[in-house]
Amino acid sequence: KEEEFEKSFKEMISSLPKSKGWRYSQNLLQYQGFWLHPSHLKGVVSAQQRFQAQPSDIMLCNLPKTGTTWLKSLIFSIITRASFDDSTTPLLSKTPHEVVPFMELDHAHFSTHRDLGLPVLATHVPYSSLPKSILDSGCKIVYICRDPKDSFVSLYYFNVTIQTSQNTRAQPLHINEAFELFCQGASIYGPYWDHVLGYWEASLENPVKILFLQYEDMVDDTVLHVNKLAEFVGHPFSSEEQQQGEPEKIVKMCSFQNLSSLEVNKSEKVVKGEIQNKMYFRKGKVGDWKNHLTPEMAARLDQITLHKLSGSSLQV
Ligand code: A3P
């Protein structure tokens with residue numbers, strides 16, 4: 001069976017459209033309308049064929065660099081708060097990515113032996129390409145999006161940092177070239193706007209099952225959103241917990257400032273692929289794009305966003 005999968009997978013990828021990628025020697029492949037790294041594609045296809053979601057699962061969905069690490073740590077803290085407090089939480093010694101794995105990277109190949117531990121998984125797969133069992137099971141989905149200007153800047157420097165850490169002589173892609181690719185939709189799991197719109201429309205159709213969040217709103221009032229998240233995933237805070245400041249404690253634990261100061265998150269250890277733990281934490285600010293994009297670049301991206309989202313009620 002595994003051999004059959006390998007064979008049909010090889011045939012399938014040889015026919016996919018290619019684009020220049022953001023790191024040297026790494027092209028992007030277009031699968032079901034979205035651009036993926038070849039290293040992720042196998043997990044995506046495998047998950048589509050084999051992943052068995054359960055109604056009690058919680059899926060955290062988003063584009064890379066829009067708040068995955070933060071959302072993972074918040075949801076993990078919310079649903080494990082009866083077992084741990086801020087002096088015993090596994091987040092003190094593990095990265096958020098170790099406590100909440102990715103469906104397509106960590107889990108897809110083992111999905112026949114389903115053992116998630118906690119029923120929470122993250123994925124960057126677009127809504128239209130999610131494994132059918134996720135939609136059929138009616139499990140809960142939390143989606144987070146972020147201003148595309150900040151997402152672009154975050155993604156660009158993430159790639160530069162990875163490439164620089166690899167001691168290759170190849171120059172990182174110039175920001176103008178990456179920007180051009182981003183605007184054309186050729187960014188990981190992009191086009192950016194199609195990804196966001198897919199989940200946005202699904203959340204309007206099914207607000208009980210899909211919670212749509214924005215990074216900037218969460219920064220603005222994190223306590224409010226932690227309450228919202230807890231309620232949505234079926235672990236609301238009791239009035240006693242409210243009085244004891246439990247939501248505030250979780251916000252503090254998962255803040256950029258706190259997480260990024262923990263040894264585990266400052267480490268150069270590589271848990272996944274080529275990414276060092278510390279690379280998930282850069283600035284964690286809203287509006288850092290102002291320090292990296294020219295006014296012309298910002299205006300162009302805003303124009304594309306306005307145009308792409310014009311038929312929807314969404315503003316990012
Ligand atoms: P910047 O590069 O703008 O700093 P992801 O987790 O999806 O990979 O996204 C990474 C982005 O989220 C980075 O943005 C990172 O600094 C920021 N981030 C990481 N942890 C965070 C936290 N606890 N709170 C807010 N932002 C966080």
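Remember, it's 1-based here, ligands and their atoms both numbered in the order they're listed.
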Margin query: Let's go through E6 and K42 carefully: what are the C-alpha distance in whole Å and the side-chain angles of both, what is the deciding distance for salt bridge (Lys or Arg N to Asp or Glu O under 4.0 Å) to 0.1 Å, and is it a yes or a no?
Written below: CA-CA 9 Å; E6 290 288 334; K42 201 174 195 176; 2.9 Å; yes
Next item on the list: Look at E246 together with K249 and state whether they make a salt bridge at an N to O cut-off of under 4.0 Å.
Entry: yes
Margin query: Once you restrict to heavy atoms under 4.0 Å, what part of S255 touches ligand 1? Side chain, backbone, both or neither.
Written below: backbone
Notebook entry, point to check: So, are K140 and E231 salt-bridged, with charged N and O less than 4.0 Å apart?
Noted result: no
Notebook entry, point to check: Between R300 and E180, is the closest basic N to carboxylate O distance under 4.0 Å?
Noted result: yes
Item checked: Joint cluster assignment, F232 & L224, ILVMFWY side-chain distance < 4.5 Å -> no
Margin query: Is there a polar contact, in the sense of an N or O pair closer than 3.5 Å, between T69 and ligand 1?
Written below: yes
Note to self: Check this for me - ligand 1, Y215, N or O atoms closer than 3.5 angstrom, yes or no?
What the structure shows: yes
Check: Do C254 and ligand 1 have an N or O pair less than 3.5 Å apart?
Finding: yes
Item checked: Short N or O distance, G284 and ligand 1, threshold 3.5 Å exclusive -> yes
Item checked: Distance filter under 4.0 Å to T68 heavy atoms, resulting ligand 1 atoms -> 5 (P), 6 (O), 7 (O)
Check: Charged N to carboxylate O below 4.0 Å: is that the case for D150 and K285?
Finding: no
Notebook entry, point to check: How does T66 reach ligand 1, by side chain, by backbone, by both or by neither, if only non-hydrogen atoms under 4.0 Å count?
Noted result: backbone
Check: Any salt bridge between E274 and R23, counting N to O under 4.0 Å?
Finding: yes
Notebook entry, point to check: Relative to the heavy atoms of F281, which atoms of ligand 1 are at a distance of less than 4.0 Å?
Noted result: 16 (O), 19 (C), 20 (N)
Note to self: Distance check, rounded to the nearest 0.5 Å: Q257 atom CD versus L262 atom CG?
What the structure shows: 11.5 Å
Item checked: Backbone or side-chain N or O of K65 under 3.5 Å from ligand 1 N or O -> yes
Check: Which heavy atom of the protein is the closest neighbour of atom 16 (O) of ligand 1, given with residue, atom name and distance?
Finding: R282 N, 3.0 Å
Margin query: Checking the N or O distance criterion of under 3.5 Å, is ligand 1 in contact with G67?
Written below: yes
Item checked: Nearest-contact summary for atom 19 (C) of ligand 1 - protein heavy atom, Å -> Y280 O, 3.4 Å
Margin query: Taking the basic N atoms (NZ, or NE/NH1/NH2) and the acidic carboxylate oxygens, is any pair closer than 4.0 Å for E4 and K7?
Written below: no
Note to self: Please compare Y156, W70, F256 and report which has the shortest non-hydrogen distance to atom 18 (N) of ligand 1.
What the structure shows: F256
Next item on the list: List every atom of ligand 1 that sits less than 4.0 Å from any heavy atom of S154, numbering the atoms from 1 in the order shown and giving each element.
Entry: 1 (P), 2 (O), 3 (O), 11 (C), 13 (C), 14 (O)
Margin query: Let's go through W70 and I75 carefully: what are the C-alpha distance in whole Å and the side-chain angles of both, what is the deciding distance for side-chain contact (heavy atoms from CB on, under 4.5 Å) to 0.1 Å, and is it a yes or a no?
Written below: CA-CA 9 Å; W70 193 18; I75 286 281; over 6 Å; no
Next item on the list: Tell me which part of R146 gets within contact of ligand 1: side chain, backbone, both or neither, using heavy atoms under 4.0 Å.
Entry: side chain
